[in-house]
Amino acid sequence: MSTLELKGNLLTLMVLHLQETNIESITEQLAEKISKAPMFFQHAPIVIDLHAVQNDDNSVDVHDVVKVVRTAGLMPIAIRGGNPQQREIALSLNLGLLTHTTPTPHSLIEELEQKEEKEEEQSIIPMSSMCKIVTHPIRSGQRVVALNSDLIVLGTVSHGAEVLAHRHIHIYGPLRGRAFAGINGDKEARIFCQQFNAELLSIAGKYRVNEEFPENLLSQSVQVYLKGNDLEIEPL
Amino acid sequence: MSKIIVVTSGKGGVGKTTTSAAFATGLALRGIPTVVIDFDVGLRNLDLVMGCERRVVYDFINIINGEGNLNQALIKDRRVDSLYILPASQTRNKDALTLKGVAKVLEALKKRFEYIICDSPAGIEHGAIMAMYFADEALIITNPEVSSVRDSDRIVGMLASKTRRAVQDMAPVKEYLLLTRYSAKRVENGDMLSVDDVTDILALPMLGIIPESESVLHASNSGTPITLDNESDAGMAYLDVVARFLGEDPPVRKKKSLFSRLIGR
């Protein structure tokens, strides 16, 4: 029997964001905040975030900040950000170092950027279960891309046209152009087509050109998938 | 409502100008007010095929630049009453065509003509885009060979994305396929793609098939639109194209079968 267990846990922690380096005003403003709910702040663990001030020429002395925070009744447990010097001091004070966390927004612009990022992420999530359906023929020189989804083409993919998808590609008309499935490296992606006359096939970056296709499969219904490092073309 | 029709192909030498001249003449022969515009600025040919090269004073670019008025540039055909030609400039290049300028000229022409035929230059660059941008309908000219078919496919893709109708989310440009320089004999020999091959690849409604004919070359050189040559099979085929375009249903002209040709009909 093991005597202990180590587990990751997501906790809600208070973070003190330092916006400027003047230790007097830090002391003053911290005292003011705490005076509003002294019980709430009593012995509360807190992380000190130095992102906003780490590049200042006379950045804060971590000794001073920790002293101020302790005096205020809080328990500093780690710092986030900070220049190498500050991080060294934090270690000497037995504080943890938090790294690689997304910096919290310090300006409206950063906030907007983060919001956009978040929105992008969000719009991607439901997309992954959807697919892009194209009902018109895809002509020579045209390129259709399905991001984070399957691509279904009901018409022809002409010579010189390109269809690309992060996931599978299904083509119900003749495939005469180029098809790229799993373009972000998804080795499980497949290409299905009703009439196989492609110029080029690619799955997760592995490709084969027309000259290498087995002749008996041309104009047939086929599926294409990755077997090891080779593209397999198989009749349906 | 007047209609703007672009005659286009992507590839050069497939018969855009011949078709523009023949088609416009065919429409005008029915008394429909028709104008045909040469968009091939710098390589103008339409005036030659229409036989009016010596009457060009002002041209399309002059009108766009406001250096003359439309009436000065429009050349009235001497053979067919309701037919006019707007020639291109030979001394400028395609950059002289601007969307605004073309719009201005087309707007003015719309008041006078029922059909405005735009003879596109080859290629997919600025000149071709200017010719197709305002089109309501398009005649895609294709020869029965792979490179021509592929270029036509490319042009059809552009009609669906680069035209005013596409940009403004209106009903798409109505497209018709016209197969020119077709030789049934060479198809039989396997030298040319067949009608079925071409329609299979392009998937467009076929407006007509123009047979390869020596009379076309002769007509071009003599400055006579082929539709004015009553003897020419190509001219007859173009008249059928016009009829089909106008919604009529002319009977398919009997082609000589291999058998009848063998026994000397």
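Every chain is numbered from 1 and lettered A, B, ... according to where its sequence line falls, protein lines coming before strand lines. These figures come from a predicted structure and were not determined experimentally.
Taking each heavy atom of A:Arg139 and B:Val156 in turn, the nearest pair found is NE-CG1, 3.3 Å.
Side-chain contact between A:His159 and B:Val146: absent, with no pair of heavy atoms (C-beta onward) separated by less than 4.5 Å.
Neither the backbone nor the side chain of B:Leu159 comes within less than 4.5 Å of any heavy atom in chain A. The contact between B:Leu202 and chain A is made by backbone and side chain atoms together, counting heavy-atom distances below 4.5 Å. Both the backbone and the side chain of B:Asp200 come within less than 4.5 Å of a heavy atom in chain A.
The number of heavy atoms from other shown groups lying within 6.0 Å of CG (B:Asn189) is above 12. Crowding of A:Glu188 atom CD: a count of heavy atoms from other residues, nucleotides or ligands under 6.0 Å not exceeding 12. Shown here is B:Lys162, whose NZ atom has no more than 12 heavy atoms of other residues, nucleotides or ligands within 6.0 Å. Enclosure of atom CD in A:Gln85 is not indicated, since only 12 or fewer non-hydrogen atoms of other residues, nucleotides or ligands lie within 6.0 angstrom. Other residues, nucleotides and ligands contribute over 12 non-hydrogen atoms within 6.0 Å of the CZ atom of B:Arg44.
From B:Arg150, atom CZ reaches atom OG of A:Ser158 across 9.5 Å, with rounding to the nearest 0.5 Å.
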